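Count residues from 1 along the sequence. From a predicted model like this one, the values you see are computed outputs, not experimental measurements.
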Amino acid sequence: VYRLTCRVRSNSVLPVSFCFVQNHAPWSRLGNLQSVTTLSEWRTLEIDLEATEDDEAVAPTIFWGGEEGTLEVAELWWSVREGTPMTSPV
């Protein structure tokens, strides 16, 4: 299990999702997807993502869509959650 820690804000209400995907075609998701809604105030997130498959090329990914707006992300950290063995994909 990997932990994403960051601060986010946007200029409008935006649905945002975080996950791991293959960094090559077919660009498949490699685990769970966690979603949040951002607002104009800075918000600190701690999101746990579990990789359910291994791959040689993995991309941590942030999706937002369906709404127009600007997303700001600051102090982004990907880490292995405490107590989790260090394995792929990161």
### Task
May I ask you to test the Gln34-Asp48 pair for a side-chain heavy-atom distance under 4.5 Å?
no
### Message
In the structure I gave you, are the side-chain heavy atoms of Thr37 and Val16 within less than 4.5 Å of one another anywhere?
### Response
no
### Message
Checking Arg29 now: which residues fulfil side chain to side chain donor-acceptor pair (under 3.5 Å) with it, not counting sequence neighbours?
### Response
none
### Task
Report yes if some heavy atom in the side chain of Val36 is under 4.5 Å from a heavy atom in the side chain of Phe18; otherwise report no.
yes
### Query
With a 4.5 Å limit on heavy-atom distance, are the side chains of Arg3 and Leu49 in contact?
no
### Query
Are Leu71 and Thr38 side-chain neighbours, meaning at least one heavy-atom pair lies under 4.5 Å?
yes
### Task
Flag the pair Leu30 / Val58 as yes when at least one side-chain heavy-atom distance between them is below 4.5 Å, and no otherwise.
yes
### Task
Start with the C-alpha distance between Phe20 and Asn32, add both sets of side-chain angles, then the distance that settles side chain to side chain contact (heavy atoms under 4.5 Å, CB included), and finish with yes or no.
CA-CA 8 Å; Phe20 292 113; Asn32 66 320; over 6 Å; no
### Summary
Sorted by chain and residue number, the side chain to side chain donor-acceptor pair (under 3.5 Å) partners of Asn23 (sequence neighbours excluded) come out as none
### Message
Taking transitive links into account, so neighbours of neighbours count too, which hydrophobic residues share a cluster with Trp77 at under 4.5 Å side-chain distance?
### Response
none
#### Entry: Separation between CD of Glu50 and SG of Cys19, rounded to the nearest 0.5 Å
14.0 Å
Can you give the donor-acceptor pairs under 3.5 Å from side chains of residues 59-69 to other protein atoms, not counting sequence neighbours?
| unit_1 | atom_1 | unit_2 | atom_2 | d |
| --- | --- | --- | --- | --- |
| Thr61 | OG1 | Ala59 | O | 2.9 |

### Task
Show which residues join Trp42 in its hydrophobic cluster (side-chain heavy-atom contacts under 4.5 Å, direct or indirect), or state none.
none
#### Entry: side chain to side chain donor-acceptor pair (under 3.5 Å) involving Ser17 - partner list, sequence neighbours excluded
Ser35
### Query
Taking side chain as C-beta onward, heavy atoms only, is Arg9 less than 4.5 Å from Glu41?
no
